[in-house]
Amino acid sequence: MKKSDVVSAILSERQTALPRHSSAQAFAPSNIALCKYWGKRDQELNLPVTSSFSISLGNKGATTELSLSDQDRVYLNDEKINLESAFGKRLLAFLNLFRVNHDLHFVIKTQTNIPVGAGLASSACGFASLTRALNNLFGWELQEHELSIFARLGSGSACRSLWQGFVEWHAGLQENGMDSYGERIAAEWPELRIGLLILSEKEKKISSRDAMQRTVTTSPLYSAWPAKVSHDLSKLKQAVQSKDFILLGETAESNAMTMHATMLSAWPTVCYFLPETISAMQVIWKLREEGLMIFFTQDAGPNLKLLFLEKDRDAVQKYFPGIEVVDPYCKSKNA
Ligand code: 2P0
């Protein structure tokens with residue numbers, strides 16, 4: 001099945017309708033997976049092998065302004081994107097799904113307010129904010145889960161970036177992915193903090209898209225991953241419902257380490273650790289031994305995201321003075 005078939009199925013008669021407005025804008029937060037998405041069962045539709053679970057980053061994310069024009073143009077943080085680049089082509093392919101006729105062109109201006117090197121500024125909040133902006137521009141008035149499906153067609157993790165707070169992405173079973181979308185979990189945890197520990201801003205050598213595919217096809221450990229995810233998902237939901245921070249932190253850290261173990265056992269090996277990554281982990285483990293409740297998670301890059309509670313903020317910042325502390329329940333901007 002192709003992406004365009006999914007779009008036709010969701011938009012049905014709305015697919016040929018011209019935009020209702022000449023411009024629109026939308027914000028979407030970044031998200032950090034506490035139980036990771038790592039591996040696809042369908043590469044065209046970005047359908048995952050397993051479900052995943054994330055926390056959104058409050059007012060940290062992307063704002064996308066979309067307007068009609070006579071020519072496609074894309075700007076990311078005021079810089080013009082080359083539409084012949086890999087990223088430009090991917091974005092155009094996504095836009096083409098919604099182009100009603102050949103004369104319809106768009107100017108996209110996306111601004112992010114997260115450290116670009118943190119592995120956060122990437123695709124998730126960008127495609128989620130673009131999806132919401134398209135919905136506003138065309139006046140589709142789609143349901144939230146339908147917007148999540150559209151965002152997934154741009155980038156898998158984008159389907160979790162449509163809401164604040166905790167979000168579960170249901171893997172789904174259907175071939176067309178109509179049951180594979182994000183769902184907001186009704187739970188608040190205002191004391192929770194995420195510290196962005198940036199250890200390197202260099203671009204990664206292998207994209208997460210390629211790395212996850214290589215892991216699925218070559219790692220002998222990958223067969224154990226789905227069972228680990230289903231175990232961790234139920235522990236995370238329990239932790240969120242009972243506000244059990246240690247259970248949340250232990251589960252998230254263990255899930256990230258298991259994901260990286262599957263990558264290390266892929267061939268050629270996928271290794272996102274730098275010496276600085278390991279050193280920071282060792283500091284965190286020592287601090288925990290000494291009684292400070294701090295955990296980490298790591299995505300497809302060398303940087304760490306620290307998990308702790310507001311009451312321990314000063315102690316955490318003493319050991320990691322350079323971190324940017326994110327309050328996921330900050331009320332100033334809501335998706
Ligand atoms: C996640 N990551 O759950 C995992 C953990 C990175 C490590 O989702 O190919 O950019 O666009 O569906 O969403 C990064 O992968 O991949 C990712 P595509 P995506 O956050």
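Whatever order the structure lists ligands and atoms in, that order sets their numbers, starting from 1. The residues of the chain are indexed from 1 along the displayed sequence.
- Under the 4.0 angstrom criterion for non-hydrogen atoms, Gln43 is not in contact with ligand 1.
- Of the protein's heavy atoms, Ser157 OG, 2.6 Å lies nearest to atom 13 (O) of ligand 1.
- For CH2 of Trp285, the number of neighbouring non-hydrogen atoms (other residues, nucleotides, ligands) closer than 6.0 Å is greater than 12.
- Within 6.0 Å of the CD atom in Gln174, the count of heavy atoms belonging to other residues, nucleotides or ligands exceeds 12.
- Less than 4.0 angstrom separates some heavy atom of Ala33 from each of these atoms of ligand 1: 1 (C), 3 (O), 20 (O).
- Scanning all protein heavy atoms for the shortest distance to atom 11 (O) of ligand 1 gives Ser155 OG, 2.7 Å.
- Of all the heavy atoms of Ser123, the ones lying under 4.0 Å from any atom of ligand 1 belong exclusively to the side chain.
- Using a 4.0 Å cut-off between heavy atoms, Met263 makes no contact with ligand 1 at all.
- Nearest protein heavy-atom contact of atom 6 (C) of ligand 1 is Trp38 CZ3, 3.9 Å.
- For the pair Arg90 and ligand 1, a heavy-atom separation below 4.0 Å is found.
- Taking distance alone, with nitrogen or oxygen atoms compared against 3.5 Å, Tyr37 approaches ligand 1 more closely than that limit.
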Take Thr64 and Ser129 through the side chain to side chain donor-acceptor pair (under 3.5 Å) test and state the conclusion after the steps.
-> CA-CA 6 Å; Thr64 293; Ser129 61; 2.7 Å; yes
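- Dense packing is recorded around NZ of Lys243, with more than 12 heavy atoms of other residues, nucleotides or ligands lying under 6.0 Å away.
- For ligand 1, the atoms closer than 4.0 angstrom to any heavy atom of Lys36 are 3 (O), 5 (C).
- Shown in contact with Asn46 at under 4.0 Å from a heavy atom are these atoms of ligand 1, numbered in order with element: 12 (O).
- Within a 6.0 Å radius of CD in Glu175, no more than 12 heavy atoms belonging to other residues, nucleotides or ligands are found.
- Residue Asn31 places no N or O, backbone or side chain, under 3.5 Å from any N or O of ligand 1.
- Nearest to atom 14 (C) of ligand 1 among the protein's heavy atoms is Ser208 OG, 3.5 Å.
- If you check the side chains of Asp232 and Thr251, you find no donor sitting under 3.5 Å from an acceptor.
- Side-chain contact of Arg152 with Asn46: a donor-acceptor pair under 3.5 Å is absent, judged by distance alone.
- Ring geometry for Trp189 against Phe166 counts as tilted: the plane angle lies between 30° and 60°, on a 0 to 90° scale.
- Ligand 1 has a nitrogen or oxygen under 3.5 angstrom from a nitrogen or oxygen of Gly156.
- In this structure a side-chain-to-backbone donor-acceptor pair under 3.5 Å is present from Glu253 to Phe296.
- For CG of Leu173, the number of neighbouring non-hydrogen atoms (other residues, nucleotides, ligands) closer than 6.0 Å is 12 at most.
- Polar contact with ligand 1: present for Arg209 (N/O pair, distance under 3.5 Å).
- Between Asn135 and Glu146, the side chains place no donor N or O within less than 3.5 Å of an acceptor N or O (distance only, hydrogens not considered).
- For atom 5 (C) of ligand 1, the closest heavy atom belonging to the protein is Asp299 OD1, 3.4 Å.
- In the candidate list Gln298, Met212, Lys40, Arg160, Lys40 is nearest to atom 9 (O) of ligand 1, counting heavy atoms.
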